[in-house]
Amino acid sequence: MSSSDASTLGYHSRWADAAKAKSDSTIEWSPVEAALLTGRGPSMQEGREIPAGGCVGEARRRLADGVPELPTMEGAPVFVDGSGASVSAIAEHLASGSYQRMVNDSRVMKSFAEWRTCMEGKGFHYASPQNANDDPRWSGDVASEEEIATATADVACKQQTDLVSTMATVETAYQQRELEANAEVLAKVKDAIDIKIKNAQSVLAGG
């Protein structure tokens, strides 16, 4: 978040607002279209058989064609992507673990303490930047004067304490360790993604 965004948008994001506007204009499918997409309805439509799971199910199967079952990792969630292929959220699990280690790192905690002191000096009391960002008072569609004042102070204190740079440096180090320790598993994840991309390109090309 930049100083200029904080001074006009508070903790609101121009990109999030745009995404919300797009989601508010979501297409509403007719019953026939919904049945074709999901397969929840008649098994035939205009003399043609509807594939299991509808068009969505068929698309997932086409994308998953030839994708090997990925290995699981202790603590990582495992789910089914709809095609019957087991997918483990390994990368997300590793990223989450790196983030948690970062926020509990002594160097980051020291920067948090410096940030809190800075914010208190400006009249704002939050345990962490995340708490300031997630204040329920900022849930309105438009940033209030108080939100803008808080966000502006937040950015200034982050700059004063070099908090963002510290967090990025520490988290990058933890992520690098995870990459090195899990190189073999992550290579398999990349191979699976590459196959899905090639499948998607083939479908788009009419294959």
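Contact record, Gln160 with Cys118: OE1-SG, 3.7 Å, taken as the closest heavy-atom pair. In this structure, Pro68 and Ile195 approach most closely via the heavy-atom pair CD-CD1, 3.9 Å. When all heavy atoms are compared, the tightest approach of Arg61 to Pro51 is NH2-CB, 3.8 Å. The shortest non-hydrogen separation linking Gly10 to Ile148 is N-CG1, 3.9 Å. Residues Pro136 and Ser139 approach most closely at O-OG, 3.0 Å, considering heavy atoms. For Ala64 against Lys196, the heavy-atom pair with the smallest separation is CA-CE, 4.3 Å.
Checked by atom type and distance alone, the side chain of His125 never pairs as donor or acceptor with a backbone atom of Arg116 at under 3.5 Å. Without hydrogens or angle criteria, Arg40 side chain to Ala35 main chain gives no donor-acceptor distance under 3.5 Å. No donor-acceptor pair under 3.5 Å is formed between the side chain of Ser202 and the backbone N or O of Lys198. A donor-acceptor pair under 3.5 Å is absent between the side-chain atoms of Ser96 and the main chain of His93, judged by distance alone. Distance alone, capped at 3.5 Å, is enough to place a donor-acceptor pair between the Glu33 side chain and the Ser30 backbone. For Asn131 (side chain) and Ser128 (main-chain N/O), a donor-acceptor pair under 3.5 Å exists by modelled atom type.
Between the CD1 atom in Ile193 and the CG atom in Leu63 there is a gap of 12.5 Å [rounded to 0.5 Å]. If you take CZ on Phe112 and OG on Ser106, they are separated by 12.5 Å, rounding to the nearest 0.5 Å. Remark: Arg60 CZ to Asn199 CG distance equals 15.0 Å, nearest 0.5 Å. One distance of note links CD of Glu184 with CG of Asn182; it measures 10.0 Å at 0.5 Å rounding. Atom NZ of Lys158 sits about 10.5 Å away from atom OG of Ser3, to the nearest 0.5 Å. Atom CD1 of Ile50 is separated from atom CG of Leu36 by 5.0 Å, given to the nearest 0.5 angstrom.
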(request) Would you please test Leu186 and Leu179 for side chain to side chain contact (heavy atoms under 4.5 Å, CB included) and show each step? (result) CA-CA 8 Å; Leu186 290 173; Leu179 288 172; 3.6 Å; yes
(message) Run Ser144 and Trp138 through side chain to side chain contact (heavy atoms under 4.5 Å, CB included) and show every step you take.
(response) CA-CA 8 Å; Ser144 64; Trp138 318 149; 4.1 Å; yes
(message) Run Glu120 and Thr117 through side chain to side chain donor-acceptor pair (under 3.5 Å) and show every step you take.
(response) CA-CA 5 Å; Glu120 288 169 1; Thr117 299; 5.0 Å; no
(request) Carefully, step by step, assess Asp134 and Tyr11 under the rule side chain to side chain contact (heavy atoms under 4.5 Å, CB included). (result) CA-CA 9 Å; Asp134 296 344; Tyr11 288 102; over 6 Å; no
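Salt bridge status for Arg137 with Glu147: absent, with no side-chain N to carboxylate O gap under 4.0 Å. Salt-bridge formation is detected for the pair Glu114/Lys110: a Lys NZ or Arg NE/NH1/NH2 atom is positioned less than 4.0 Å from an Asp or Glu carboxylate oxygen.
Counting heavy atoms from C-beta outward, Glu49 and Ser43 have side chains that stay 4.5 Å or more apart.
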Tell me which donor-acceptor pairs under 3.5 Å the side chains of residues 164-176 have, and how far apart each pair is, sequence neighbours excluded?
from	atom 1	to	atom 2	distance (Å)
Thr166	OG1	Asp162	O	3.0
Thr169	OG1	Ser165	O	2.9
Thr172	OG1	Ala168	O	2.7
Tyr174	OH	Asp105	OD2	2.8
Gln176	NE2	Glu180	OE2	3.3

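A side-chain donor from one of Asp135 and Tyr126 sits under 3.5 Å from a side-chain acceptor of the other. A side-chain donor-acceptor contact under 3.5 Å links Trp115 and Asp154.
Both Val189 and Ile197 belong to a common hydrophobic cluster when Ile, Leu, Val, Met, Phe, Trp and Tyr are linked at side-chain heavy-atom distances under 4.5 angstrom.
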